[in-house]
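Keep in mind that what you see is a predicted model, and the values were worked out from it rather than measured. Values below: all heavy atoms of this structure, side chains included; hydrogens, waters and symmetry mates excluded.
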Amino acid sequence: MDLGPPAAEQKLNADVPWDAFDPDEYIKHNYLEIQDVDEEILSHVRDHFSDHFRGRAGRVHSGIDVGAGPNLYPALAMLPWCDRITLLERSESNLDYLRRQLRGYDAHWDQFWAVLRKDEAYAVLDEVHGRRLAEAVGAPEPGSLFDLCGSDRRWDLGTMFFVAESITTDLGEFRRGVGCFMHVLNPGAPFAAAFMEHSEGYQVGSQEFPALDVDVAEVRTLLDNYAEDVTIHRTANPQQLVRDGYTGMILACGRRKS
């Protein structure tokens, strides 16, 4: 894979003005209408979690979505299985967006729930899923992905969507970020992690944000250090790309090594 730009051009996570992230602008370009690629990814995540938990009594204790941003569908995907869900987010503007959504989320998220509810475990929550989400989360938690590396807390289920590769141009920082996510998952915990493939960075409103060029080989090799039963799904239909500057999306579903 491409090891990224020379050191002089690198941008680390700490250098990025995350509070300038505009969640409404991001939603407008990414999630206002569900894309075919989102439906494909969400279907894989739904099936992965359902296959893992089907036949087990009750819900697991806790789930975490790392770098939640202005995206509710990872949390919705965990909803049938969790009593508590942590939405970890660094950007104050995104935290404010999440707080507003937990008071009553916007109707466009129903498109994503419609994909999830094709499984009976989700369908039975149809009438209460909005309230259940608010109850399970309570309030989003301010914090960085990298804070998790030194944490003693553990979760039974985890998601991380378009985070570790979309906050830095440094390969070492990317690898550390994935390791921090894996560090807080209990042994055997199922997870879903998604990555932009060969991303060149991205713009939200007038603000530019960094990204690291990663591919399937890098993701698989890195996850082999932490996970088992990993399945990689790659979506790379040119007609499904939501913006310029990347070649597809990589979804990894697996379990934390025992």
Q | Partner of Phe161 under ring pair (Phe, Tyr, Trp, His ring centres under 6.0 Å), chosen from Phe181, Tyr73, Phe195 | A |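 Per the ring pair (Phe, Tyr, Trp, His ring centres under 6.0 Å) rule, the option paired with Phe161 is Tyr73, out of Phe181, Tyr73, Phe195.
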Q.
My understanding is that only residues two or more places apart in sequence, or in another chain, count here; which of them pass side-chain contact (heavy atoms from CB on, under 4.5 Å) with Glu92?
A.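 Testing Glu92 for side-chain contact (heavy atoms from CB on, under 4.5 Å), a comparison that skips the adjacent residues, returns Asp19, Leu95, Arg99.
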[X] vs [Y] side-chain heavy atoms within contact, under 4.5 Å:
X      : Y      : result
Lys118 : Leu42  : no
Val66  : Thr86  : no
Ile64  : Leu157 : no
Asn30  : Tyr202 : no
Met249 : Ile41  : yes

Q.
Is the ring pair Phe53/Trp81 parallel, tilted or perpendicular, if the boundaries are 30 and 60 degrees?
A.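 Rings of Phe53 and Trp81: parallel, as their planes differ by under 30°.
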Q.
In terms of relative ring orientation, are Tyr31 and Phe112 parallel, tilted or perpendicular, with 30° and 60° separating the classes?
A.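 Judged by the thresholds at 30° and 60°, the geometry between Tyr31 and Phe112 is perpendicular.
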Q) Stepwise, does the side chain to side chain donor-acceptor pair (under 3.5 Å) test hold for Asn94 with Trp18? A) CA-CA 9 Å; Asn94 286 338; Trp18 290 111; over 6 Å; no
Q.
Quick check for you: to the nearest 0.5 Å, what is the distance between Asp126 atom CG and Arg117 atom CZ?
A.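 Here the interatomic distance stands at 4.0 Å.
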Q.
I need the Arg256 CZ to Phe191 CZ distance, nearest 0.5 Å.
A.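 Going from the CZ atom of Arg256 to the CZ atom of Phe191 covers 9.0 Å.
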